[in-house]
Amino acid sequence: MKTKRINKQVTVAAGFLFLWWAPGLACAQDSAPGSAPPPSLASPEARVKKGPLDDFAGLTYTDEQRAKIDQIRQTTRQRMDLVRKDEKLTPEAKQAMLEGYQRLEIGELFEVLTPEQQTEVRKKAQARHAEQQKKQNRPPTPR
């Protein structure tokens, strides 16, 4: 029973990953020849970034929020550990799954926040995004 639930969760996560990944595939077809090659694939663990989670730093949580956040993080850790141990997955699939689980975690964490906390996290995320765009010498994308 528990295995079926985990398999269902992995299937749902894979679906979300495909929806997230598919637009990138369409854009990749439009890239001009001679554009920069894609970055080399590192180990799945090394590719998962902590940047978005830093947007939650400095917030003051209630005891109820802390309990929910701890549960979300524990569940995500368990899911990610299963992916890391799965020998049937390719490194690219592991990377996609780990990044997808992190995105799901961020979304779940965001839902736990109060409207004021959500506003603060949005501001931090927008500032981080603008900084990344600046580093890549690209104009910021309108939101």
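Just the heavy atoms: all of them, side chains too, but no hydrogens, waters or symmetry mates, feed the values below.
- Applying the side-chain hydrogen bond (donor to acceptor under 3.5 Å, both in side chains) criterion to Glu87, with sequence neighbours excluded, gives no partner residue.
- With values rounded to the nearest 0.5 angstrom, Gln95 atom CD is found 12.5 Å from Leu89 atom CG.
- Going from atom OG1 of Thr76 over to atom CD of Gln102 covers 9.0 Å, rounded to the nearest 0.5 Å.
- Taking the side-chain hydrogen bond (donor to acceptor under 3.5 Å, both in side chains) definition, one finds that Arg66 meets it with Asp63, sequence neighbours left out.
- Annotation: side-chain hydrogen bond (donor to acceptor under 3.5 Å, both in side chains) contacts of Asp81 (sequence neighbours excluded): Arg84.
- Ile69 contributes atom CD1, which lies 10.5 Å from atom CD of Glu64 (distance to the nearest 0.5 angstrom).
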What pairs of donor and acceptor atoms, side-chain ones from residues 104-114 against any protein atom, are under 3.5 angstrom apart with sequence neighbours left out?
{"from": "Thr114", "atom 1": "OG1", "to": "Glu116", "atom 2": "OE1", "distance (Å)": "3.4"}
{"from": "Thr114", "atom 1": "OG1", "to": "Gln117", "atom 2": "N", "distance (Å)": "3.2"}
{"from": "Thr114", "atom 1": "OG1", "to": "Gln117", "atom 2": "OE1", "distance (Å)": "3.3"}

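- How far CG of Asp55 is from CD of Glu120: 10.0 Å, rounded to the nearest 0.5 Å.
- For Gln74, the side chain to side chain contact (heavy atoms under 4.5 Å, CB included) partners are Gln71, Arg77, Gln78, not counting sequence neighbours.
- Minimum heavy-atom separation, Val83 to Met97: CG1-CB, 3.8 Å.
- By the salt bridge (Lys or Arg N to Asp or Glu O under 4.0 Å) test, Glu131 pairs with no residue at all, sequence neighbours left out.
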